[in-house]
Amino acid sequence: MTTGPLTLTDELRCGRRVIDSLPNVTLLSDLKMFEGIRTWGMLCRISVDTADPTLVPADSIWWVLLSPEYPWGRIRFYPAISDGITGTHPHQSYNGIEDKTFPWRSGDICLNAPQFVFERSMYNPDPIGTSDRIRWYFSRAEQWLLAASRGELLGDGELFELPVFLPETLEPYTVAINETVATWKTWQNVENRVGLAEVVVVGDQRLRTVAVREFTDVDDNSLVTYDWGTRIEDASRKMARAVWIRLPTLPVTKPYEAPHTWGELLQTATEQNEDLFQLLREVCSGIRDGEPHLLLLGFPVSRRMGQPPCRMYWQSALLPVVSHGQNYADGFRKNAEGYWRRDRVDIFKSRTRIQWQTSENWADDPSTSRGRMDDSLSVRDVLLVGAGAVGGVAAELLVRASVRSVLVMDDDDVTQGNLCRHVLGMTAIGTNKADALCGVLTDARPGAIAGSIPRSFPPQSHLEVKRVQECSLILDCTGSDAALRELGTFDWQEPRFFCSISISYQARRVYVFTAVADSFPVQAFEEQVAPWLRQDVDQFGDHELVQDGIGCWHAAFPARIDDIWMLTAAGIRRLEEAVSNAETEPRLVVFEQVLEDGRFNGIRRI
């Protein structure tokens, strides 16, 4: 990163000259360096034939910020504090005045296609790297202003967009919810408009991350319970009860802003024929304990604009401490009426700003949209036999890509020698691998359910047998013939999908065997894998194993962590393929590293 003085480059000058040819743009102040953010800025007026001057004036003033690397880097358009647009529109950051050291508001407008997240010029219509790039941006800005003046920035069919509920504090709570299409159907049968909610602390309490587990009515009768994974379900640290209020639709002020004050929220609720203060009065009666409580403000949302709602959303806020004890309104008794009278006048003042917090929907479907496996695999309950290096990687890949439930079996303990290629770390040394791996898996995704049986297969107790028989996909990562024989003799009671993933010597190949059968088909596996194992012996049979310690009993399997991750990932890809294609016949697929003249050239399917 360049840290010295920035100079006005020829490319920046060229971009600046483009403005002279734009009929609807007037340069008011030439390029200026803002040293604090190492960015060039110029002040411009953009003129449009506005449809509604109350939303967008015909002439608006903008600060256009350019990266020193122009025509590369970011280009941003911010409304000027003086004579810039003041409202917040869709496809715009919150348009307040957050930093008075700069002459612009905070409402950067979105002029890029969503593909800009890749930061690759080939993925984006933005002509990044070309001298005429600034022309494209001004053209987009004019289009944005015209659409904003017509109220058309969010058209039917576009992805639904929430307004910005801006937290007032530097360290807001992050409140996790778990709203899905299934919970939406449950909410449609709930008549209650208010109630209480159980909230638990997730992880380090100092990080202020919490999760909602259950919604109840004001009498603590359960209404909706979230289906979380093991980590959140077993969390023991609870916050004070939250309160919830449900509105018919999204609370929003024009042009597209979240309410900032209790008065604005009251107005938006009134427009929905809801008496906000009556709803607040009902829920506040149960939290007069002198403690701060979270408010969950709920409303239905759709996936795309113009479509019917498909789930609830809960925007969180931190309520002020409501009246309690001796704090009640003058002229009233110490009772519900006296408390509410004081709340209404002193606590929920019209101009008092709402302390919005951060809400995030951690439901499996949106949170894994960055990389989700085929549903035919993700819905499976997986039994992982073998929690070594391959098993640990396989389990984490499955869970992070949406497989919900994994039961792990292994009798081995973690040693220092495992750390070079295992997903487990130093804190796990001396603990059982199956138990320790469960902790990794339940931390990997909020919805992950992981359990362990700290012994090698087969299960022994009646309860262990029952847990194993509940799994529909059996994944062997032991690399052990003995384990496969046990899988082949166990009474599964009905057909299961079996998969065995094992790595060859020096991790040159991965063997992925799949089948649907009443028990693991040992004979079919041995017949198909035997030629490859003989090839391994012929190729590496005279190689001496690496040693983890002193003596022949400390021999270790030689493979690097990148080999394990790469080949195991190929194995999981093959597993997904077999499950999604409903393959049933026993089949071995082999992937092999390609080395040409000692250089790695990828992996190939043989």
Side-chain angles (χ1 to χ4, degrees), residues 8 11-34 37 39-67 70-71 73-100 102-114 116 124-128 130-155 158 161 163-164 252-257:
L8 190 60
E11 288 80 6
L12 283 164
R13 290 190 181 94
C14 182
R16 146 69 185 87
R17 286 194 293 270
V18 169
I19 295 176
D20 295 334
S21 65
L22 302 179
N24 298 323
V25 180
T26 304
L27 183 67
L28 302 179
S29 178
D30 215 332
L31 283 166
K32 172 184 176 181
M33 167 51 59
F34 291 91
I37 56 175
T39 298
W40 290 95
M42 54 186 174
L43 188 65
C44 301
R45 179 173 60 240
I46 303 178
S47 303
V48 295
D49 186 13
T50 180
D52 186 348
T54 65
L55 292 177
V56 175
D59 297 315
S60 56
I61 311 302
W62 296 82
W63 276 98
V64 180
L65 305 187
L66 305 177
S67 166
Y70 180 87
R74 296 183 66 187
I75 298 177
R76 290 165 289 174
F77 279 59
Y78 289 97
I81 291 178
S82 178
D83 295 325
I85 64 172
T86 57
T88 302
H89 295 258
H91 299 308
Q92 182 183 19
S93 302
Y94 169 66
N95 194 29
I97 303 176
E98 298 181 4
D99 190 341
K100 295 182 179 180
F102 298 114
W104 55 77
R105 306 176 74 91
S106 61
D108 181 20
I109 59 177
C110 178
L111 302 178
N112 292 106
F116 193 71
N124 199 313
D126 176 353
I128 187 170
T130 65
S131 59
D132 216 29
R133 187 183 179 205
I134 193 69
R135 185 188 305 276
W136 185 87
Y137 266 81
F138 271 104
S139 174
R140 297 276 289 201
E142 290 178 32
Q143 295 172 39
W144 188 95
L145 288 167
L146 287 170
S149 74
R150 295 191 294 262
E152 296 176 352
L153 283 172
L154 280 181
E158 289 192 45
E161 180 178 314
V164 179
V252 63
T253 64
K254 289 185 177 181
Y256 201 68
E257 293 189 41

Problem set entry | Candidates Ile61, Leu43, Leu65, Ile97 - the one meeting side chain to side chain contact (heavy atoms under 4.5 Å, CB included) with Trp104 | Leu65
For this session: Please step through side chain to side chain contact (heavy atoms under 4.5 Å, CB included) for the pair Arg140 and Trp136, ending with a clear verdict.
Result: CA-CA 6 Å; Arg140 297 276 289 201; Trp136 185 87; 3.6 Å; yes
Seminar exercise, completed: Looking only at heavy atoms, the pair that brings Glu142 and Ile46 closest together is CG-CG2, 3.9 Å
For this session: Could you check if a side-chain atom of Phe34 sits within less than 4.5 angstrom of a side-chain atom of Phe102, using non-hydrogen atoms only?
Result: yes
For this session: Give, for atom SG of Cys44 and atom CZ of Arg16, the distance between the pair rounded to the nearest 0.5 Å.
Result: 8.5 Å
Exercise. Can you find a pair of side-chain heavy atoms, one from Pro79 and one from Gln92, that are under 4.5 Å apart?
Worked result: yes
For this session: Any chance you could measure Arg45, atom CZ, to Leu27, atom CG, to the nearest 0.5 Å?
Result: 10.5 Å
Exercise. Just how far is it from atom CG of Asp30 to atom CG of Leu8, taken to the nearest 0.5 Å?
Worked result: 8.0 Å
For this session: Determine whether Thr54 and Lys254 make a side-chain contact, defined as any pair of heavy atoms from C-beta on separated by less than 4.5 Å.
Result: no
Problem set entry | Distance in Å, Gln143 CD paired with Leu145 CG, rounded so as to fall on 0.5 Å steps | 10.5 Å
For this session: Taking the side chain as every heavy atom from C-beta outward, state whether His89 and Leu55 have any atom pair closer than 4.5 Å.
Result: yes
Exercise. Do Phe138 and Val64 come within less than 4.5 Å of each other through their side chains, counting heavy atoms only?
Worked result: yes
Problem set entry | Note, Asp126 side chain near Ile75 side chain (heavy atom, < 4.5 Å) | no
Problem set entry | Rounded distance (nearest 0.5 Å) linking atom OH of Tyr137 with atom CZ of Arg76 | 10.5 Å
Problem set entry | Taking every non-hydrogen atom, the tightest pair across Ser149 and Thr50 | CB-OG1, 3.2 Å
Problem set entry | Nearest heavy-atom neighbours spanning Ala148 and Val56 | CB-CG2, 3.7 Å
For this session: Please name the pair of heavy atoms, one in Arg150 and one in Glu152, separated by the smallest distance, quoted to 0.1 Å.
Result: NE-OE1, 3.0 Å
Problem set entry | Ile85 to Trp62 - nearest heavy-atom pair and separation | CD1-CH2, 3.8 Å
Exercise. Looking at NZ of Lys32 and CH2 of Trp63, how far apart are the two atoms once the value is rounded to the nearest 0.5 Å?
Worked result: 5.5 Å
Exercise. Counting N and O atoms only, with roles assigned by atom type, does the side chain of Ser106 sit under 3.5 Å from a partner on the main chain of Tyr94, one being a donor and the other an acceptor?
Worked result: yes
For this session: Could you check if a side-chain atom of Ser21 sits within less than 4.5 angstrom of a side-chain atom of Arg135, using non-hydrogen atoms only?
Result: yes
Exercise. Quick check: are there more than 12 heavy atoms from other residues, nucleotides or ligands sitting under 6.0 Å from CG of Asp49?
Worked result: no
Exercise. With Thr88, which of Thr253, Asn95, Val252 fulfils side chain to side chain contact (heavy atoms under 4.5 Å, CB included)?
Worked result: Asn95
For this session: Could you tell me which non-hydrogen atom of Tyr256 sits nearest to which non-hydrogen atom of Glu161, and how far apart they are?
Result: OH-O, 2.5 Å
Problem set entry | Evaluation steps, side chain to side chain contact (heavy atoms under 4.5 Å, CB included), between Asn24 and Val48 | CA-CA 7 Å; Asn24 298 323; Val48 295; 5.9 Å; no
Exercise. Considering only heavy atoms from C-beta outward, does the side chain of Pro163 approach that of Glu257 to under 4.5 Å?
Worked result: no
For this session: Run the numbers on Arg74 and Thr39 for side-chain hydrogen bond (donor to acceptor under 3.5 Å, both in side chains), then give the verdict.
Result: CA-CA 10 Å; Arg74 296 183 66 187; Thr39 298; over 6 Å; no
Exercise. Just by modelled atom types, is the Ile109 backbone N or O under 3.5 Å from a matching donor or acceptor in the Tyr78 side chain?
Worked result: no
Exercise. Cut-off 3.5 Å, side chains only: do Asp59 and Ser47 have a donor facing an acceptor?
Worked result: yes
